[in-house]
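Here the structure is laid out as structure tokens; the discussion comes afterwards.
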Amino acid sequence: MKTLDKLYGFHTKLKNAFLLLAGIGVFSMMIYITADVLMRNFATALVGTFEVVSYYIMPITILPSMCYALSSGVMPRIVAVTGRLPHKAQRFFAIVLPVLEIVFYIMMLCFSTKYAVSATKDGLTFVAGTKSLPVWQMYYLPPLSYIMMTAESALILGKNLLTDNTTILYKND
């Protein structure tokens, strides 16, 4: 159990690093859009603001923070329903639900990795103003997010198997 707690501690550090990256994304989006609005009032607008924010900054803001949102309990959970069931049924769902999550996250990891490799091979770009900017590298963020979410669910499954934990969150007792 101590090994699992250490692994989860390392995983938490990774989640916090990803959360910091997402925070930098939010801050940069705020600065970039503010600069664009100010430029519109005094001179001309920044070229390609919508595209740069959509293709670069939003993925950096949203995707790295998904695992943190999953682990914090912000996302809707089935625990609201399973918490009213008998203890044996709660225990069953505490094992089955993380397994299902892992299966679906691995499927999404495979699909998103395949798409990222395809985007890299094709040299996917987008047009911002008059320039063509590469976007293929941003397609590697979803696989990283799914790896983190798979690890989160695997650690929850491990804790639920080793203890009598019936929640779907990794809580230290």
Please determine whether the number of non-hydrogen atoms from other residues, nucleotides or ligands lying under 6.0 Å from atom OH of Tyr115 exceeds 12. no
Would you say Val26 and Met66 are hydrophobically clustered, going by side-chain heavy atoms of ILVMFWY under 4.5 Å? no
Between Asn16 and Leu20, is there a side-chain heavy-atom distance shorter than 4.5 Å? no
Roughly how far, to the nearest 0.5 Å, is CG of Leu38 from CD1 of Ile33? 12.0 Å
Would you say Tyr56 ends up clustered with Phe50 if hydrophobic residues are merged whenever their side chains have heavy atoms under 4.5 Å apart, either directly or through other cluster members? no
Verdict with supporting geometry, Leu109 and Met149, side-chain contact (heavy atoms from CB on, under 4.5 Å): CA-CA 10 Å; Leu109 171 64; Met149 290 167 55; over 6 Å; no
Specify whether Trp136 and Tyr140 have parallel, tilted or perpendicular ring planes, treating 30° as the upper limit for parallel and 60° as the lower limit for perpendicular. perpendicular
Would a distance-only check, ignoring hydrogens and angles, find a side-chain to backbone donor-acceptor pair under 3.5 Å from Glu101 to Ser153? no
In the single-linkage hydrophobic clustering (I, L, V, M, F, W, Y; side-chain heavy atoms under 4.5 Å), do Tyr139 and Leu133 co-cluster? yes
Just by distance, do the side chain of Thr44 and the backbone of Arg40 share a donor-acceptor pair under 3.5 Å? no
All heavy atoms of Val47 vs all of Gly129, minimum pair found to be CG1-CA, 3.0 Å
Heavy-atom closest contact (Arg91 atom, Leu161 atom, distance): NH2-O, 3.6 Å
Could you tell me whether the side chain of Cys67 reaches within less than 4.5 Å of the side chain of Phe18, counting heavy atoms only? no
Do Val53 and Tyr32 make a side-chain contact, defined as non-hydrogen atoms from C-beta onward lying under 4.5 Å apart? yes
Step by step, would you call Leu157 with Ile95 a side-chain contact (heavy atoms from CB on, under 4.5 Å)? CA-CA 6 Å; Leu157 177 63; Ile95 304 301; 4.0 Å; yes
Side chain proximity check, Pro98 to Asn160, heavy atoms < 4.5 angstrom: yes
Within-4.5 Å side-chain heavy-atom neighbours: Phe10 and Lys6: no
Report yes or no: do Phe93 and Phe104 belong to one cluster of Ile/Leu/Val/Met/Phe/Trp/Tyr joined by side chain heavy-atom distances under 4.5 Å? yes
Closest heavy-atom contact between Met29 and Ile57? CB-CG2, 3.4 Å
Side chain of Thr113, backbone of Cys110: donor and acceptor closer than 3.5 Å? no
Taken to the nearest 0.5 Å, the spacing of Leu19 CG from Ile24 CD1 works out to 10.5 Å
Do Glu51 and Val127 have side chains that get closer than 4.5 Å, going by heavy atoms? no
If only atom types and distance count, is the side chain of Thr49 paired as donor or acceptor with the main-chain N or O of Asp36 below 3.5 Å? no
How about Ile106 and Thr150: do any of their side-chain heavy atoms sit closer than 4.5 Å? yes
With Ile60 via side chain to side chain contact (heavy atoms under 4.5 Å, CB included) - residues at least two apart: Leu21, Met138, Leu141
Hey, does Val135 have a side-chain heavy atom less than 4.5 Å from the side chain of Leu124? yes
When you look at OH of Tyr55, are more than 12 heavy atoms from neighbouring residues, nucleotides or ligands closer to it than 6.0 Å? no
Does a side chain donor of either Glu152 or Tyr105 reach within less than 3.5 Å of an acceptor in the other side chain? no
To check you understand the geometry: which heavy-atom pair defines the closest contact between Gly25 and Thr61, and what is its length? C-OG1, 3.2 Å
Is the side chain of Ser112 donor-acceptor paired with the backbone N or O of Met108 at a distance under 3.5 Å, no angle test? yes
Between Lys15 and Tyr8, is there a side-chain donor-acceptor contact under 3.5 Å, judged purely by atom types and distance? yes
Could you report the tightest heavy-atom contact between Gly48 and Ala128, atom names first, then the distance? CA-CB, 4.0 Å
What verdict does the side-chain contact (heavy atoms from CB on, under 4.5 Å) test give for Leu4 and Leu155, after you've listed the backbone C-alpha separation in whole Å, the side-chain angles of each residue and the deciding distance to 0.1 Å? CA-CA 7 Å; Leu4 199 61; Leu155 290 166; 3.6 Å; yes
With a 4.5 Å cut-off on side-chain heavy-atom distances among I, L, V, M, F, W and Y, is there a chain of contacts connecting Val117 to Tyr146? yes
